[in-house]
Amino acid sequence: MADQWQEAYDFAVQVARAAGAVIRKAGEEEIKVQTKSCTVDLVTKTDERVEKIIIGSLKEQFGEGTHCFIGEESVSKGQPCILTDKPTWIIDPVDGTTNFVHGFPFVAVSIAFAVNKEMEFGVVYSCMEDKMYKARKGQGAFCDDEPIQVSDVKDIHKSIIICEHGTDRSPETVQKIFSTQKKILCIPVHGLRGSGTAATNMCLVACGAVEAFFEIGIHCWDIAAGAVIVKEAGGLLLDVDGGPFDVMSRRMVSGNNMVIVNRIIKEIEIFDTVRDDAPIVNK
Ligand code: IPD
């Protein structure tokens with residue numbers, strides 16, 4: 001069936017927009033903050049509420065039991081994080097929770113849909129800016145319905161690179177992150193940036209505002225939707241060691257072309273993370 005998932009794609013866009021409206025409204029009220037894996041891994045009632053709204057709407061639309069769900073907040077409460085061949089939604093209800101808590105104006109709803117472990121489409125709604133990014137496999141990438149394309153810069157010296165710091169504050173990890181950033185900055189590149197939401201960072205690669213974004217420690221829900229958007233905008237994704245991209249590996253480089261991506265990979269100091277789909281005892 002040629003267009004089997006079009007209805008799901010259109011519905012995901014609607015759901016992301018509605019979820020974004022809930023987040024904007026919640027940002028005007030008092031935000032109660034709790035922590036998850038460590039003191040800088042934040043969660044709010046809004047993350048939980050928005051995830052429930054999204055999963056509830058999808059179940060109502062497509063029927064209970066027909067699709068699987070991997071949602072950031074459900075996983076943090078012990079739900080499995082395993083990608084099978086079944087139609088699976090991968091959801092980050094509030095990507096950029098720290099930004100949300102502080103009123104830093106970049107927060108995204110990220111919704112991806114995979115079948116046979118391959119992403120069919122991705123939707124990222126940058127809700128404070130009211131920008132809707134979306135892409136469906138083989139059909140191009142869009143921002144507010146306008147086609148988007150990665151940058152054509154091949155000279156690393158003329159690039160902007162996005163890097164984030166994640167939530168691991170162990171001195172060894174922080175040392176590697178800063179050492180990598182220092183080496184990239186001193187190539188030199190035009191600049192380093194970071195929006196505080198991985199999903200939005202990937203959309204910035206997709207629309208050509210920056211040349212690359214890399215991170216170790218992100219989760220599948222942060223990057224699954226952005227991965228389709230980057231690919232469909234003509235970009236590429238690799239593991240930080242240059243191997244194939246694996247959405248569950250918690251490591252990723254996304255960029256506009258091989259020249260830029262390979263140059264960045266040369267400088268990345270890799271540190272260990274536990275895969276998203278590792279058995280719970282290892283986490
Ligand atoms: C975080 C953001 C941030 C990235 C972290 C993620 P969350 O997601 O995407 O940019 O650096 O690694 O965990 O927790 O706000 O959904």
Side-chain angles (χ1 to χ4, degrees), residues 95-96 106 108 110 112 118-119 121-126 129 131-166 177 180-218 220 222-247 249-270:
D95 187 45
F106 296 96
S110 177
E118 207 186 320
M119 298 304 151
F121 59 76
V123 174
V124 172
Y125 180 45
S126 181
E129 310 176 277
K131 280 191 177 168
M132 181 66 75
Y133 296 93
K134 62 179 184 180
R136 184 154 175 226
K137 195 174 69 184
Q139 294 187 10
F142 300 85
C143 176
D144 292 338
D145 293 326
E146 292 295 323
I148 54 174
Q149 190 68 41
V150 292
S151 127
D152 59 7
V153 168
K154 286 207 174 74
D155 182 352
I156 190 77
H157 303 104
K158 295 187 175 147
S159 69
I160 291 186
I161 309 300
I162 292 187
C163 25
E164 294 277 350
H165 304 104
I177 291 173
T180 299
Q181 293 190 4
K182 182 180 172 192
K183 287 193 286 172
I184 293 174
L185 192 61
C186 295
I187 288 175
V189 295
H190 276 179
L192 299 184
R193 298 287 185 271
S195 74
T197 120
T200 303
N201 289 339
M202 294 179 87
C203 294
L204 291 168
V205 173
C207 68
V210 302
E211 277 60 46
F213 161 49
F214 68 94
E215 186 169 345
I216 300 174
I218 26 85
C220 58
D222 300 314
I223 55 170
V228 196
I229 296 172
V230 167
K231 249 194 221 159
E232 287 299 319
L236 57 105
L237 297 124
L238 285 179
D239 186 82
V240 288
D241 67 2
F245 168 66
D246 172 350
V247 75
S249 69
R250 304 190 58 203
R251 311 163 10 149
M252 180 234 32
V253 187
S254 56
N256 62 335
N257 59 50
M258 216 48 170
V259 180
I260 297 283
V261 166
N262 278 339
R263 186 65 188 84
I264 296 300
I265 285 174
K266 251 176 95 179
E267 306 299 352
I268 297 178
E269 294 188 23
I270 298 175

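- Of the inter-residue distances, the one linking Asp222 atom CG with Thr200 atom OG1 reads 10.5 Å to the nearest 0.5 angstrom.
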| task | Using the side-chain contact (heavy atoms from CB on, under 4.5 Å) rule, take Val150 and Leu236 through it: C-alpha gap first, then chi angles, then the decisive distance, then the call. | result | CA-CA 10 Å; Val150 292; Leu236 57 105; over 6 Å; no
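- The two residues Asp246 and Ser249 have their closest heavy-atom pair at O-OG, 2.8 Å.
- Closest non-hydrogen pair, Leu192 versus Ile184, comes out as CD2-CG2, 3.9 Å.
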Would you mind writing out the side-chain donor-acceptor pairs for residues 202-214 within the sub-3.5 Å range, not counting sequence neighbours?
residue	atom	partner	partner atom	Å
Glu211	OE1	Ile160	N	2.8
Glu211	OE2	Ser151	OG	2.6

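- Taking Asp95 as the reference, Thr197 meet the side chain to side chain donor-acceptor pair (under 3.5 Å) condition, with sequence neighbours excluded.
- Partners of Tyr133 according to the side chain to side chain donor-acceptor pair (under 3.5 Å) rule, which considers only residues two or more places apart in sequence or in another chain, do not exist here.
- Expressed to the nearest 0.5 Å, how far CG of Asn256 lies from CG of Asp152 amounts to 8.0 Å.
- Applying the side-chain contact (heavy atoms from CB on, under 4.5 Å) criterion to Lys183, with sequence neighbours excluded, gives Ser179, Glu267, Glu269.
- For Val228, the side-chain contact (heavy atoms from CB on, under 4.5 Å) partners two or more places apart in sequence, or in a different chain, are Met119, Ala135, Glu232.
- Residues passing the ring pair (Phe, Tyr, Trp, His ring centres under 6.0 Å) test with His190: none are found, sequence neighbours excluded.
- The distance from the NZ atom of Lys182 to the CD1 atom of Ile187 is 13.5 Å, given to the nearest 0.5 Å.
- Residues satisfying the salt bridge (Lys or Arg N to Asp or Glu O under 4.0 Å) criterion with Glu146, sequence neighbours excluded, are absent altogether.
- Qualifying ring pair (Phe, Tyr, Trp, His ring centres under 6.0 Å) partners for Phe245, counting only residues two or more places apart in sequence or in other chains: none.
- The two residues Ala225 and Val124 come nearest to each other via the heavy atoms CB-CG2, 3.8 Å.
- Among residues two or more places apart in sequence or in another chain, the salt bridge (Lys or Arg N to Asp or Glu O under 4.0 Å) test is passed with Lys137 by Glu118, Glu120.
- Residues passing the side-chain contact (heavy atoms from CB on, under 4.5 Å) test with Lys266 are Arg263, sequence neighbours excluded.
- Summarising the geometry, atom CD1 belonging to Ile264 is positioned 3.5 Å from atom CD1 belonging to Ile161; distances are rounded to the nearest 0.5 Å.
- With sequence neighbours left out, Asp145 forms a salt bridge (Lys or Arg N to Asp or Glu O under 4.0 Å) with Lys134.
- Counting all heavy atoms, side chain and backbone alike, Leu238 lies closest to Met258 at CD1-CE, 3.9 Å.
- In this structure, the side chain of Glu215 does not engage the main chain of Met252 through any donor-acceptor pair within 3.5 Å.
- Taking all atoms of both residues into account, the shortest heavy-atom contact from Ile218 to Arg251 is CD1-N, 3.8 Å.
- Contact detail for Ile177 and Glu164: the closest heavy-atom pair is CG2-O, 4.1 Å.
- Side-chain contact between Ile156 and Val259 is absent, with no heavy-atom pair separated by less than 4.5 Å.
- Leu237 has its side chain out of reach of Val247: every pair of non-hydrogen atoms, C-beta onward, lies at least 4.5 Å apart.
- For Arg250, the side-chain contact (heavy atoms from CB on, under 4.5 Å) test picks out His219, Thr273, Asp276, with sequence neighbours left out.
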